[in-house]
Amino acid sequence: MKRIFTFALVLVMVLSSMAFAHPGKLDAQGGHFDKETGEYHYHKGPNALQSFEVLRNRVYKAKIERVVDGDTAIISFMPEDGTKYLKERVRFLGVDTPETVHPNKPVQYYGKEASDFTKAQLTDKIVWLQTDVGVKDRYDRMLAYVWLKEPSEKDLDDEKAIRENMFNARLLLDGYAQLMTIQPNSRYANLFVHFQREAREDKRGLWGKDPE
């Protein structure tokens with residue numbers, strides 16, 4: 001009997017830890033402030049927000065709530081039924097902009113320009129997030145290609161549409177980012193190699209001069 005009780009207690013503790021995607025004690029109302037977004041939300045009770053189940057190779061409508069840096073943002077999903085979900089931190093796939101907010105690294109060359117560009121282009125905007133094979137990284141961030149216009153099935157494989165409407169591609173083409181493939185997410189890897197080469201040959205953005 002004692003073993004059964006101990007197992008049940010451990011199981012409850014494990015499930016409780018899984019229920020909270022981020023740390024922070026709950027208050028008497030079953031909620032707390034999110035350290036990342038600075039916003040209050042509930043984990044218990046009738047006002048509790050749900051976690052959104054993100055699937056591979058899908059496109060989701062979302063709103064950019066806050067840009068963290070050149071290749072990362074906080075988003076809220078916009079489902080048709082109006083359900084309110086917990087906000088998600090999204091890392092843009094296939095690109096890597098210079099660091100501006102890393103706790104252990106200084107602001108890197110062209111980092112501010114990349115961050116300012118992303119903030120100007122995406123803050124408070126409605127976007128469409130396209131997932132690849134792996135939907136989360138080791139830091140539990142959602143991984144996505146960011147579309148500025150809702151893509152059709154044809155657009156997903158059309159270079160012209162990708163150049164014009166995928167923000168990840170624009171970061172590479174305008175020289176705000178370098179290529180970085182996070183396996184197994186390599187759907188656009190070959191195309192992104194071409195985009196980076198084009199920006200480098202034309203000396204756009206961070207390719208325009210040597211770091212000072």
Side-chain angles (χ1 to χ4, degrees), residues 18-22 34 36-37 41 49-97 114 117-119 121-174 176-199:
M18 292 174 63
F20 307 128
H22 45 264
D34 188 319
E36 290 190 348
T37 65
H41 64 258
L49 298 179
Q50 304 176 40
S51 293
F52 191 87
E53 182 181 9
V54 180
L55 304 177
R56 64 177 61 181
N57 297 316
R58 301 291 180 88
V59 176
Y60 300 100
K61 187 178 181 180
K63 180 183 177 182
I64 301 291
E65 299 289 351
R66 179 169 65 88
V67 171
V68 178
D69 61 12
D71 55 31
T72 310
I74 305 295
I75 65 95
S76 57
F77 291 102
M78 300 183 66
E80 293 182 0
D81 63 4
T83 302
K84 300 293 185 181
Y85 291 98
L86 290 169
K87 291 180 173 60
E88 192 88 33
R89 180 177 286 253
V90 177
R91 175 66 166 79
F92 305 164
L93 272 173
V95 299
D96 184 36
T97 60
F117 177 73
T118 299
K119 288 176 181 177
Q121 296 296 313
L122 296 187
T123 300
D124 294 328
K125 296 295 179 61
I126 304 301
V127 297
W128 287 262
L129 305 175
Q130 176 193 355
T131 58
D132 205 320
V133 177
V135 298
K136 292 288 185 75
D137 66 8
R138 60 179 177 169
Y139 304 109
D140 200 40
R141 298 177 299 187
M142 179 182 174
L143 301 172
Y145 305 104
V146 181
W147 289 82
L148 304 176
K149 295 182 179 179
E150 184 174 11
S152 65
E153 284 295 323
K154 180 181 178 181
D155 289 339
L156 297 180
D157 294 305
D158 182 77
E159 181 176 341
K160 184 175 184 293
I162 293 169
R163 280 176 173 271
E164 294 177 355
N165 299 321
M166 184 194 286
F167 189 71
N168 311 50
R170 291 181 60 179
L171 286 173
L172 287 171
L173 286 165
D174 292 340
Y176 289 105
Q178 297 185 57
L179 173 69
M180 186 179 77
T181 301
I182 302 176
Q183 293 294 349
N185 301 297
S186 57
R187 176 166 182 167
Y188 298 110
N190 292 336
L191 189 58
F192 282 8
V193 167
H194 177 68
F195 289 168
Q196 177 172 282
R197 183 183 301 119
E198 181 179 316

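All of these numbers come straight from a predicted model, not from anything done at the bench.
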Checklist entry - Can you check whether P151 reaches V59 side chain to side chain, under 4.5 Å on heavy atoms? => result yes
Checklist entry - Do D132 and R56 sit within salt-bridge range, that is, some charged N less than 4.0 Å from a carboxylate O? => result no
Checklist outcome for this item: Across all chains, not counting sequence neighbours, the ring pair (Phe, Tyr, Trp, His ring centres under 6.0 Å) partners of Y145 are Y188
Checklist entry - Are any side-chain N or O atoms of N185 and backbone N or O atoms of G134, one a donor and one an acceptor, separated by less than 3.5 Å? => result yes
Checklist entry - Any side-chain heavy atom of N168 within less than 4.5 Å of one from F192? => result yes
Next on the checklist: Please give me the minimum heavy-atom distance between G70 and L171, naming the atom from each residue.
Outcome noted: O-CD1, 3.7 Å
Checklist entry - Can you tell if the side chain of K136 reaches within under 4.5 Å of the side chain of L143, non-hydrogen atoms only? => result no
Item to check | Pair E65-E88, side chain to side chain contact (heavy atoms under 4.5 Å, CB included): steps then yes or no | outcome: CA-CA 10 Å; E65 299 289 351; E88 192 88 33; over 6 Å; no
Checklist entry - Rounded to the nearest 0.5 Å, how far apart are CZ of R138 and CG of D140? => result 13.0 Å
Checklist entry - Mind checking what makes side-chain contact (heavy atoms from CB on, under 4.5 Å) contact with E159, not counting sequence neighbours? => result R163, L191, H194, F195
Checklist entry - So, the side chain of S186 versus the backbone of A189: is there a donor-acceptor pair under 3.5 Å, distance only? => result no
Item to check | Salt-bridge present (D158, K154; N to O < 4.0 Å) | outcome: no
Checklist entry - Tell me, do K61 and I126 make a side-chain contact under 4.5 Å, heavy atoms counted? => result yes
Next on the checklist: Using side-chain heavy atoms (C-beta onward) and a distance below 4.5 Å, is T131 in contact with L55?
Outcome noted: no
Item to check | Value rounded to 0.5 Å, distance of CG in D71 from CE in M180 | outcome: 7.0 Å
Next on the checklist: Would you say that I75 contacts L129 through its side chain, given a criterion of any heavy-atom pair below 4.5 Å between the two side chains?
Outcome noted: yes
Item to check | Evaluation steps, side chain to side chain contact (heavy atoms under 4.5 Å, CB included), between T181 and Q183 | outcome: CA-CA 6 Å; T181 301; Q183 293 294 349; 3.8 Å; yes
Next on the checklist: Is it true that, when you exclude K149 itself, more than 12 heavy atoms of the residues, nucleotides or ligands shown sit nearer than 6.0 Å to its NZ?
Outcome noted: no
Item to check | Interatomic distance, L148 atom CG to R170 atom CZ [nearest 0.5 angstrom] | outcome: 5.5 Å
Next on the checklist: If you define the side chain from C-beta out and look only at heavy atoms, does anything of D124 sit under 4.5 Å from K63?
Outcome noted: yes
Checklist entry - So, the side chain of T97 versus the backbone of Y176: is there a donor-acceptor pair under 3.5 Å, distance only? => result no
Checklist outcome for this item: Sorted by chain and residue number, the ring pair (Phe, Tyr, Trp, His ring centres under 6.0 Å) partners of F167 (sequence neighbours excluded) come out as F117
Checklist entry - Name the one of W128, Y85, F52 that satisfies ring-ring contact (aromatic ring centres under 6.0 Å, His included) with Y60? => result F52
Checklist outcome for this item: Rounded to the nearest 0.5 Å, the CG atom of D155 sits from the CD1 atom of I162 at a distance of 8.5 Å
Item to check | Validation row: R187, D157 side chains within 4.5 angstrom (heavy atoms) | outcome: yes
Checklist outcome for this item: Heavy-atom nearest pair, N57 first then V133, reads OD1-N, 4.2 Å
Checklist entry - Taking atom CD of E53 and atom CZ of F77, what is their separation to the nearest 0.5 Å? => result 11.0 Å
Next on the checklist: Working note: T72 + D69, criterion side chain to side chain contact (heavy atoms under 4.5 Å, CB included); need CA distance, chi angles, decisive distance, verdict.
Outcome noted: CA-CA 5 Å; T72 310; D69 61 12; 3.2 Å; yes
Checklist entry - When M142 is tested against each of D137, L93, V90 for side-chain contact (heavy atoms from CB on, under 4.5 Å), which residue passes? => result V90
Checklist outcome for this item: Heavy-atom closest pair (K87 atom, S76 atom, distance to 0.1 Å) is CG-CB, 4.2 Å
Checklist outcome for this item: Residues Q196 and L179: closest non-hydrogen pair is OE1-N, 2.5 Å
Checklist entry - What's the spacing between M166 CE and Q130 CD if we round to 0.5 Å? => result 5.0 Å
Checklist entry - Yes or no on side chain to side chain contact (heavy atoms under 4.5 Å, CB included) for T118 and F92, after CA distance, side-chain angles and deciding distance? => result CA-CA 11 Å; T118 299; F92 305 164; 4.1 Å; yes
